Amino acid sequence: MDKMRMESEDIQQDNVAKIAALFPNCVTEARDEDGHLKKAINFEMLKQMLSDSVIDGDEAYEFTWVGKKASIVEANRHIRKTLRPNKEESSDWDHTHNIFIEGENLDALKLLQESYLGKVKMIYIDPPYNTGSDRFIYPDQYGMNQDEYDEAVDLYDEDGNKTFRENSDSDPRYHSKWCSMIYQRLLLARNFLTDDGAIFISIDDKEQENLKKIGDEVFGSSNFVATIVWQHSIQPKGYLGSFSIQHSYIMIWCKASDQFKLGSLERTAEDNKAYSNPDNDPNGPWRSGDVRNALYRPNLIYDIISPSGKVIKPCANGWRWSKETVKEKIRTGEIVFSEDETRIIRKIYLKNLEGRAPETIWFGKDVGTTREGISELKDLFDRAPFDTPKPTKLIERCAYLMNDPNMIVMDFFAGSGTTADSIMQLNAKDKGNRKWILIQYPEECAETTNAYKEGYKTISQVAMERVRRAAKKIHQDNPDSKFDDGFRVLKLDDTNMKDVYYAAGDYTQDLVSMLESNVKPDRTDLDLLFGCLLDWGLPLSLPYTSETIDGCTVHTYNDGDLIACFDENVPESVIKTIAKRQPLRAVFRDTSFANSPAKINVGEIFKLLAPDTRVKVI
């Protein structure tokens, strides 16, 4: 009895110690009747503390940070911008289906929403890792200064005293800006994905935990696919006394888990070395497979009788199949008996295996390392313009696992253009027709970088040149392969239209004459055409033609998806010609018509000749 009482007291004191660790003010010390010093719980004080902080609270499990609400607002904020085509920097403009956009990626994603809504099968991004710097490559408007942040988190009390202590990389502000930056871009990125699409995001240790929470919120935790550990370095690095970090991560979410289907990898000789054909089975090489059930299944516990009548007792948890299924597998030869008939052997045939399931650890020898990525750039440039580029084989594997040779791939942190290089290489290998969309901010190259020394002013210029040189090299390495090696360049700019919103007292005679045309004077027909494509949600990579009709230039996009004429004083003959072609959409400028009656007449012409055409005047 004394022993039981001692054990009970030990358990009680252990519980008291646990509570003391959480609520030290609720535990007091006192001596018992034998004079031993014991700890006791002040239950009234504990009840009061729990009541204030838990029972009466409105806590919820959520992930938030300072600036999260502002980033949501920014993601949905309307912008007055456009994408202007640049044929001079493009490659094979008339035939390519690839797009390179130079500009801030948040605004570019907003502009592309309608044109590529639900059309992108794969997104790969390698966003800037959080180095702790206040300067982001992507200077978003949600960013706050120190005073704004201090006020938002109540850093100081009424007397000006700090309410908590901050330190470099563990304080909230260190992570808040990065979280806001990636959060709003992922909110927009999700809209681009097809129902069976997925996004692959490269990340390191500093924000991997936060990215998982943000990704689960944006795409849904049920749509999380996997975290890939990538061995980015084979050679050890670092100093004694610390770990040599040789890996980073790729996190994957799909749009809808019930429609996403992950592809498999090709089997190698190493994968197949366990398969042989010692009994000359006509079905070819095989290996033995497990016949046991992983879980206890009493209905699958039964004896198996060998051809000579020997009894083979069941496994502890039962067989893998029912009696009827085992009989059928014995009949077909998938299950055979050992020579001494003391066990059964299940044959797994190599010919029935379509591929190999991808693992969550990707070794550098298989998908490349950072050093290999640098070597690839050195093969294209005299000096590698980037220090830590991703190897093409890494992104190639991501694209291969999507199992779609005709998909659209997007990368809105394009960097040196590795994604485009990878997709072109994969297309050359398997005769695929994958298209890509790259977005890169025109960040200026620092004077100390190889890119600047090579003569490039911005990172986007480096990326475009890398794609040109990579396409040429891929053709040299694969002379018989045909693939789309071009790209259309479009640059983010202010809207094509003048700002016509003025107060009545602001109008002067000079201003009125300036507003006779609501289109900015430096904008071309091509600028206006691609602006209309964005407004109407048409892809930017389709073919178009331009022709002269009765002295006017008429543009036909994708065989009649849209026909546009931006000339002034367009004659009725041209309008009728366009209407007779019955395009889905027709666009004119406001100055295309001499007066209001002429504009009304256009509507009547289309009602008569093309009643289903949508007509727009800009």
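When reading the values below, keep in mind they use all heavy atoms of this one structure, side chains included, and skip hydrogens, waters and symmetry mates. On a predicted model such as this, the values are computed, not experimentally measured, just so you know.
- The closest side-chain heavy-atom distance from L353 to Y275 is below 4.5 Å.
- Of the inter-residue distances, the one linking T325 atom OG1 with R320 atom CZ reads 12.0 Å to the nearest 0.5 angstrom.
- Counting all heavy atoms, side chain and backbone alike, I250 lies closest to C398 at CD1-SG, 4.3 Å.
- Taking the side chain as every heavy atom from C-beta outward, I395 and V409 never approach each other to under 4.5 Å.
- With 3.5 Å as the limit, one finds no donor-acceptor pair spanning the side chains of S322 and Y302.
- Contact record, S91 with D485: OG-O, 4.1 Å, taken as the closest heavy-atom pair.
- Screening R469, R383, K378, R466 for a salt bridge (Lys or Arg N to Asp or Glu O under 4.0 Å) with E454, the sole residue that qualifies is R383.
- Across S115 and L533, no two heavy atoms sit closer than the pair OG-O, 3.7 Å.
- Looking at R185, its side chain does come within 3.5 Å of a backbone N or O of M181 through a donor-acceptor pair.
- With contacts defined as side-chain heavy-atom distances shorter than 4.5 Å, the pair W253/I201 qualifies.
- Note that the CG atom of N427 and the CD1 atom of I474 stand 9.0 Å from one another [nearest 0.5 Å].
- In this structure, the side chains of C315 and N293 stay at 4.5 Å or more apart for every pair of heavy atoms.
- Judged as a side-chain hydrogen bond (donor to acceptor under 3.5 Å, both in side chains), and not counting sequence neighbours, N280 has no contacts.
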Check against side-chain hydrogen bond (donor to acceptor under 3.5 Å, both in side chains), N283 and K351:
CA-CA 8 Å; N283 290 312; K351 72 173 188 177; 2.9 Å; yes

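- Shortest non-hydrogen contact noted between T458 and S460 is OG1-OG, 3.0 Å.
- Of all the heavy atoms in T194 and G118, the pair that sits closest is CG2-O, 3.3 Å.
- Salt-bridge formation is not detected for the pair K255/D196: no Lys NZ or Arg NE/NH1/NH2 atom is positioned less than 4.0 Å from an Asp or Glu carboxylate oxygen.
- Panel note: side chain R488, backbone L542; a donor-acceptor pair is recorded below 3.5 Å.
- With respect to I101, the side-chain contact (heavy atoms from CB on, under 4.5 Å) criterion is satisfied by exactly one of D107, L83, L111: L83.
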Using the rule given for side-chain contact (heavy atoms from CB on, under 4.5 Å), can you reason through F381 versus Y456, listing the C-alpha separation, both sets of side-chain angles and the distance that settles it, and then say yes or no?
CA-CA 12 Å; F381 297 87; Y456 300 101; 3.4 Å; yes

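- Between the side chains of S248 and D204, not a single donor N or O lies within less than 3.5 Å of an accepting N or O.
- Using a distance-only test at 3.5 Å, with no hydrogens or angles considered, no donor-acceptor pair links the side chain of S244 to the main chain of P236.
- Within the structure, ring pair (Phe, Tyr, Trp, His ring centres under 6.0 Å) contacts touching residues 321-340 (residues at least two apart or in different chains) do not occur.
- Counted by atom type alone, E354 and S264 present zero donor-acceptor pairs between their side chains at under 3.5 Å.
- Under the 3.5 Å distance criterion, the side-chain polar atoms of R346 are matched with a main-chain donor or acceptor of D290.
- For the pair E207 and K177, the salt-bridge criterion is not met [side-chain N within less than 4.0 Å of a carboxylate O].
- Using a 4.0 Å cut-off between a side-chain N of Lys or Arg and a carboxylate O of Asp or Glu, D281 and K347 qualify as a salt bridge.
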I would like to know whether I123 and F412 meet side-chain contact (heavy atoms from CB on, under 4.5 Å); could you show each step before the answer?
CA-CA 8 Å; I123 298 175; F412 50 87; 3.8 Å; yes

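- The environment of R267 atom CZ is dense: over 12 non-hydrogen atoms of other residues, nucleotides or ligands sit within 6.0 angstrom.
- Counting non-hydrogen atoms of other residues, nucleotides and ligands closer than 6.0 Å to CD of E114 gives a total of 12 or fewer.
- Counting heavy atoms of neighbouring residues, nucleotides and ligands inside a 6.0 Å radius, atom NZ of K429 exceeds 12 of them.
- Within 6.0 Å of CZ in R343 there are 12 or fewer heavy atoms belonging to other residues, nucleotides or ligands.
- In this structure, I234 places its CD1 atom where more than 12 heavy-atom neighbours from other residues, nucleotides or ligands lie under 6.0 Å away.
- Expressed to the nearest 0.5 Å, how far OG1 of T370 lies from CD of Q246 amounts to 11.0 Å.
- When all heavy atoms of W436 and A420 are compared, the pair lying nearest together is CE2-CB, 3.6 Å.
- No side-chain heavy atom of R434 sits less than 4.5 Å from a side-chain heavy atom of F483.
- Side-chain N or O atoms of K310 include one that pairs as donor or acceptor with a backbone N or O of D340 at under 3.5 Å.
- A salt bridge links E328 with R331: the closest approach of a Lys/Arg side-chain nitrogen to an acidic carboxylate oxygen falls below 4.0 angstrom.
- Formation of a donor-acceptor pair under 3.5 Å by the S90 side chain with backbone atoms of V489 is found in this model.
- A distance of 10.0 Å separates CG in N433 from CD1 in I408, rounded to the nearest 0.5 Å.
- Salt bridge annotation for E217-K68: present, with a cationic side-chain nitrogen under 4.0 angstrom from a carboxylate oxygen.
- By the 4.0 Å N-to-carboxylate-O rule, D484 lies too far from K435 to be salt-bridged with it.
- Checked by atom type and distance alone, the side chain of S375 pairs as donor or acceptor with a backbone atom of R371 at under 3.5 Å.
- Ring pair H247/Y249 is perpendicular by interplanar angle, where above 60° counts as perpendicular and below 30° as parallel.
- To the nearest 0.5 Å, the span separating NZ on K110 from CG on N105 amounts to 11.0 Å.
- Taking the six-membered ring where tryptophan is involved, the planes of F100 and F487 are tilted, since the angle between them lies from 30° to 60°.
- For the side-chain hydrogen bond (donor to acceptor under 3.5 Å, both in side chains) with S202, the lone residue among Y129, W230, Y124 that qualifies is Y124.
- Within the 3.5 Å criterion, the main-chain N or O of L426 finds no donor-acceptor partner in the side chain of E396.
- Comment: K212 does not engage E209 in a salt bridge, judged by the lack of any side-chain N to carboxylate O separation of less than 4.0 angstrom.
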Verify side-chain contact (heavy atoms from CB on, under 4.5 Å) between C445 and I459, making sure each step is shown before the conclusion.
CA-CA 6 Å; C445 298; I459 291 177; 4.3 Å; yes

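- Side chain of S257 to main chain of N223: no donor-acceptor pair is present (N/O by atom type, distance under 3.5 Å, no hydrogens or angles).
- Distance check, rounded to the nearest 0.5 Å: CG of N98 to CD1 of I423 gives 9.5 Å.
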Take F219 and V225 through the side-chain contact (heavy atoms from CB on, under 4.5 Å) test and state the conclusion after the steps.
CA-CA 11 Å; F219 299 98; V225 177; over 6 Å; no

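- Residue D379 qualifies as enclosed at atom CG: its count of foreign heavy atoms under 6.0 Å is above 12.
- Counting non-hydrogen atoms of neighbouring residues, nucleotides and ligands closer than 6.0 angstrom, the CG atom of D387 reaches no more than 12 such neighbours.
- Using modelled atom types, no side-chain atom of R397 and backbone atom of V367 make a donor-acceptor pair closer than 3.5 Å.
- Between the side chains of D421 and T418, no donor N or O sits under 3.5 Å from an acceptor N or O.
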